[in-house]
*Asks:* 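One structure, as structure tokens, below. Some questions next.
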Amino acid sequence: MQDYLKGLNKEQAEAVTHVNGPLMIVAGAGSGKTKVLTTRIAHLMNLGIDAFNILALTFTNKAAAEMKERIEKILGNSNARNLYIGTFHSVFARILRGEAHRIGYPNSFTIYDTDDSRSVLKTVINELNLDDKHYKPNVVHSRISQAKNALVGPAEYATDHYIQQEDMRSNRPAIAQIYQAYAARCFKNGAMDFDDLLLKMYELLQTFPEVLHRFQHKFKYIMIDEYQDTNTVQYQITKLLAAANENICVVGDDAQSIYSFRGATIENILQFQKDYDDVKVVKLEQNYRSSKSILNVANEVIKNNKGQIPKDLWTDNEEGEKIKLVRTMTDNDEGRFVADTIQEQKLRNHYYNRDFAILYRTNAQSRSFEESLRRMGIAYKIFGGVSFYQRKEIKDFIAYLRVVVNTRDEEALKRIINYPVRGIGKTTIEKIVIFANEQNITVWEVLQRAGEFGFKAGTLESINNFVTMMRYFQSMLGDKNAYDVAVQVGKHTNLVKELFNDKTVEGLARYENVQELLNSIKEWTESPDSEEGEVIEKSLGAYLQQITLLTDADDDDENADVVKLMTIHAAKGLEFPVVFVVGVEETLFPSAMSINTREELEEERRLFYVAVTRAKARLFLTYANARYRFGNLVQNEASRFLDEMPEQYIDKTYAGGGLHNKGSFENAGSAYQRMQRGFGDYNDMASVEKRYGPPPAKKAGPERKPVESKPSYMPPQATAPKVVEHKPSADFVPSDTSNLQAGQKVEHQKFGFGTVLKLEGSAHNPIATVKFELNGEKKIMLNYAKLRIVGQD
DNA sequence: GATTGCGCGATTTTT
DNA sequence: TCGCGCAATC
């Protein structure tokens, strides 16, 4: 027997050693699923199966990276490098990078993230003369996304009776039309959104049998993690790929299916046994993660869901601590309680920050925990906030790179055409877009042939300069790597300089972020290629596609000693010694949006199950009597899920308000009684306010320090004054600036003293660039702003 | 072109 | 309450 098989229990070993033919692993929470998957891959390779022939699909990049790492460890060599392991999206993006031309996209197609998609939708909605207040881009987007994930194209969408009825009912009959226009625009832009990565992959395999055969032959062994969360497209693609060899292994747990909003259907896992003959089914039912108390509570709650695959999850672990159920007065008290408890647990049980996780239903709940943790000086990190790549300055920079790689990308082109300012104004851009639409050519083509469209001489010159610059960047693509191109872009566009000259607090942060971006491109460029066989492309195009699929959860630094804050969704697949599940209240968890049907409610319950089963040793569930929502205090009841938990594993506590409630578990009895009575006299808002004071304090001033210095996860910046105030001289009289010269010293009423660097713009609309002593470089329109000429420099 | 001030809507969850 | 889009000013 191989060494690596020794640490497995009977069922795990059974799953690992099943080599050929379909295999379904029903893996309960904490049952060693990742171990089985990685060991199985190692086993396959040990049997002589080539790494190039193995495909493993996961739901996060992080899960993929972890798998790779663990396989390498088992094998003791780096053969794992050649495995195709990744998320559905990233693996398909990589394949499409070689094949997209077949379906009319450039191979260097752009990947649109959610923001890009919404922005294109907004454009399209306006072009159709529809009201974007009524056809809200995000509503429309989710509708289109659902359709794509269910393999429903624009044509079918428009004719499907049921879909049309739904749209009529919500009074949005034009969604079909928008869908059609949106798809056409994305295509014209040479861009795919997240859903397209799946949809176009499917179309590719459907339309080109030779491509299908090639990949069927290549991926002789297919493994899919979190199968319960696959949607229709994903299901169909894997079915196509697996059809030739039927060596497909899926791992899932129907009790942890929490992505139906993304089109995932639990049917896929239930269907699996019907799709193939002789499906081997292995159930992993021993939990190695959690204490008995925790597991029993989870099991008991999930029993309230109907139609589960029968399984009996058990553990040999100790009974452990009871689950602490804690009620607080407000969300701020909840934050304080959690921070206090973390501090106390660190002292009492010698935990590190990294042993704690705070899990919530919605991202918006993180605020009170951030504040209390910061106040206690406990380092933390929020996962799933605004990603680094979503920041404006980063998106601007990346937009240049995107256009360089794919000139069809109108979305990016519009973003940068006049940024930094180069005299191609709003009106000009509107004209350009109209020309492009009229002639059915791309915006870039209009720019290239600008001479034919009768622009004014000045405008034409600006356009031509822009085109020349972009062509210069493009000319480097062939022989320069991603980093070199990016550096040139930064230089020639003045982007970097512009940010450098902005000396405000935000300006500095933006400059640092762009530097950070350049560093990351460099790092990526220099990271090792695959040793043999496929060389991982280090082109700019490959880089851009890659980063769009990154989320900030992916760059988790395991070693960082920080408390982790994230949504329950983001916590799936992770485990922590001590877990706080917070905000366990009606309307929040279960969410008010999800209590209308049994299906929705059951998904919320599964989510609760996922949350509870993340904990290894200690679990705290907290909920607040009232919380601030949009500025007012709103009352909530305890979540119904709490009633479903077996009492004998629960320790109920009331952690009152204020800072002096440490170790208040002693008064559990009376608190419990008060809870039973529904908190009697604290039940009205007036007394809550009276006792706990007015709404939360204003954000602290500029002294607020981020706990971590990494730019991508800085807590929200306090708003520092944008302009360093200048008090105009008493004798301030605006000068006649018609003969202003570069080099002259001037005073501005608000910006203070500065030196004129250059003059541009037309005679009737002159613009001066002035470098102010206190506020950096500004462009000043002389027609409006008043400058006093102080003298020669 | 850039800044400021006002009014309004927002909270599910993610690749 | 907060952040964003839009209109009004410099």
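Residue numbering restarts at 1 for every chain, and letters A, B, ... go by the order of the sequence lines. Only heavy atoms go into these numbers, but all of them, side chains included; no hydrogens, no water, no symmetry mates.
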*Asks:* Roughly, in whole Å, what's the span from NE2 in A/His141 to P in B/dT15?
*Replies:*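 The answer, rounded to whole Å, is 14 Å.
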
*Asks:* Consider only side-chain N and O atoms of A/Ser639 and A/Glu585, and report whether a donor and an acceptor are under 3.5 Å apart.
*Replies:*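 Their side chains do not contain a donor-acceptor pair, so the 3.5 Å distance test is not met.
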
*Asks:* Taking the side chain of A/His569 as heavy atoms from C-beta outward, which of B/dT15, B/dT12, B/dT14 is closest to it?
*Replies:*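 Among the listed nucleotides, the one closest to the side chain of A/His569 is B/dT14.
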
*Asks:* Taking the side chain of A/His89 as heavy atoms from C-beta outward, which of B/dT12, B/dT11, B/dT15 is closest to it?
*Replies:*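 Nucleotide nearest to A/His89's side chain: B/dT15.
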
*Asks:* Classify the ring geometry of A/Phe369 against A/Tyr360: parallel below 30°, tilted from 30° to 60°, perpendicular beyond 60°.
*Replies:*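 Judged by the thresholds at 30° and 60°, the geometry between A/Phe369 and A/Tyr360 is parallel.
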
*Asks:* Verify the contact: side-chain N or O of A/Asn363 to OP1 or OP2 of B/dT13, cut-off strictly under 4.0 Å; return yes or no.
*Replies:*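 For B/dT13, OP1 or OP2 has a side-chain N or O of A/Asn363 closer than 4.0 Å.
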
*Asks:* In whole Å, what is the span from the CD1 atom of A/Ile595 to the C1' atom of B/dT13?
*Replies:*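 One finds 16 Å between C1' of B/dT13 and CD1 of A/Ile595, rounded.
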
*Asks:* Are A/Glu203 and A/Lys200 ion-paired here, with the side-chain N under 4.0 Å from a carboxylate O?
*Replies:*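 A/Lys200 and A/Glu203: salt-bridged.
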
*Asks:* How would you label the contact of A/Ser594 with the nucleic acid (heavy atoms, under 4.0 Å): base, sugar-phosphate, or nothing?
*Replies:*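 Base: the residue A/Ser594, judged by heavy atoms under 4.0 Å, touches a nucleobase.
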
*Asks:* On DNA chain B, compare the nucleotides closest to A/Leu607 and A/Ile424; which residue's is nearer the 5' end?
*Replies:*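 This one resolves to A/Ile424.
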
*Asks:* Specify the separation, in whole Å, of atom CD1 of A/Ile111 and atom P of B/dT14.
*Replies:*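 Checked: the CD1 to P distance equals 19 Å.
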
*Asks:* Map A/Met593 and A/Gly425 onto DNA chain B by nearest heavy atom, then report which one ends up closer to the 5' terminus.
*Replies:*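 Looking at the nearest nucleotide for each, A/Gly425 comes out on the 5' side.
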
*Asks:* Mind checking A/Phe59 for me? I need base, sugar-phosphate or nothing, with any heavy atom below 4.0 Å counting as a touch.
*Replies:*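 Sugar-phosphate, no base atom in range.
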
*Asks:* Of the listed nucleotides (B/dT14, B/dT12, B/dG1), which one gets closest to any side-chain atom of A/Val421?
*Replies:*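 Within the option list, the nearest is B/dG1.
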
*Asks:* Grab the CD1-P distance between A/Ile417 and B/dG1 for me, whole Å please.
*Replies:*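 One finds 12 Å between P of B/dG1 and CD1 of A/Ile417, rounded.
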
*Asks:* For B/dT11 and A/Ser591 - does any side-chain N or O of the residue sit under 4.0 Å from the phosphate oxygens OP1/OP2?
*Replies:*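 No, because none of the side-chain N or O atoms of A/Ser591 sits under 4.0 Å from OP1 or OP2 of B/dT11.
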
*Asks:* Which whole-number value in Å describes the distance from A/Asn632 CG to C/dC2 C1'?
*Replies:*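 Rounded to the whole Å, the gap is 13 Å.
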
*Asks:* Any luck finding a side-chain donor-acceptor pair between A/Thr548 and A/Asp113 under 3.5 Å?
*Replies:*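 Absent: no donor and acceptor within the cut-off.
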
*Asks:* When we call it a touch if two heavy atoms are under 4.0 Å apart, what does A/Ser90 touch: a base, just sugar-phosphate, or nothing?
*Replies:*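 Contact class for A/Ser90: none.
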
*Asks:* Kindly write out the residues that satisfy salt bridge (charged side-chain N to carboxylate O under 4.0 Å, His left out) with A/Glu334, not counting sequence neighbours, or none if the list is empty.
*Replies:*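 Salt bridge (charged side-chain N to carboxylate O under 4.0 Å, His left out) check on A/Glu334 returns A/Arg627.
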
*Asks:* Taking atom types as modelled and ignoring hydrogens, do the side chains of A/Asn501 and A/Tyr511 form a donor-acceptor contact shorter than 3.5 angstrom?
*Replies:*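 A/Tyr511 and A/Asn501 do not have a side-chain donor-acceptor pair below 3.5 Å.
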
*Asks:* Does the side-chain ring of A/Phe261 sit on the six-membered ring of the B/dT13 base, less than 5.5 Å centre to centre and under 30° in tilt?
*Replies:*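 The ring of A/Phe261 is stacked on B/dT13.
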
*Asks:* Output the rounded distance in Å from CG (A/Leu549) to P (B/dT15).
*Replies:*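 It is 10 Å, rounded to the nearest whole Å.
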
*Asks:* Taking atom types as modelled, is there a side-chain donor on A/Glu430 or A/Thr427 under 3.5 Å from an acceptor on the other?
*Replies:*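 No, A/Thr427 and A/Glu430 have no side-chain donor paired with an acceptor closer than 3.5 Å.
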
*Asks:* So that I know where these two stand, are A/Phe88 and A/Phe59 an aromatic pair - ring centroids less than 6.0 Å apart?
*Replies:*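 So the answer is yes for these two rings.
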
*Asks:* Do we see a donor-acceptor contact under 3.5 Å between the side chains of A/Asp195 and A/Ser145?
*Replies:*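 Present: a donor and an acceptor within the cut-off.
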
*Asks:* A/Met201 has an atom CE; how far is it from atom C1' of B/dT15, in whole Å?
*Replies:*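 Atom CE in A/Met201 sits about 16 Å away from atom C1' in B/dT15.
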
*Asks:* From the set B/dT15, C/dC6, B/dT11, return the single nucleotide nearest to any side-chain atom of A/Phe194.
*Replies:*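 Selected nucleotide: B/dT15.
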
*Asks:* Are A/His141 and A/Tyr135 an aromatic pair, judged by ring center distance below 6.0 Å?
*Replies:*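 Centroid separation for A/Tyr135 and A/His141: 6.0 Å or greater.
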
*Asks:* Look for any protein N or O under 3.5 Å of an N or O in nucleotides 6-10 of chain B and output each such pair with its distance, or none.
*Replies:*
| residue | atom | partner | partner atom | Å |
| --- | --- | --- | --- | --- |
| B/dA10 | OP1 | A/Lys136 | NZ | 2.9 |

*Asks:* Closer than 3.5 angstrom, by distance alone: can the side chain of A/Asp331 be matched with the main-chain N or O of A/Tyr628 as a donor-acceptor pair?
*Replies:*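 Side chain of A/Asp331 to backbone of A/Tyr628, a donor-acceptor pair under 3.5 Å: yes, one is there.
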
*Asks:* B/dT13 P sits how many Å from A/Tyr259 OH, rounded?
*Replies:*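 Between P of B/dT13 and OH of A/Tyr259: 11 Å.
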
*Asks:* Please convert DNA chain B into dot-bracket. A pair counts if it is Watson-Crick or G-U wobble with both distances under 3.5 Å; crossing pairs go in [ ] and bases paired with another strand get |.
*Replies:* ||||||||||.....

*Asks:* Given B/dT14, C/dC6, B/dT12, which nucleotide is nearest the side-chain atoms of A/Lys122?
*Replies:*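 It is C/dC6.
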
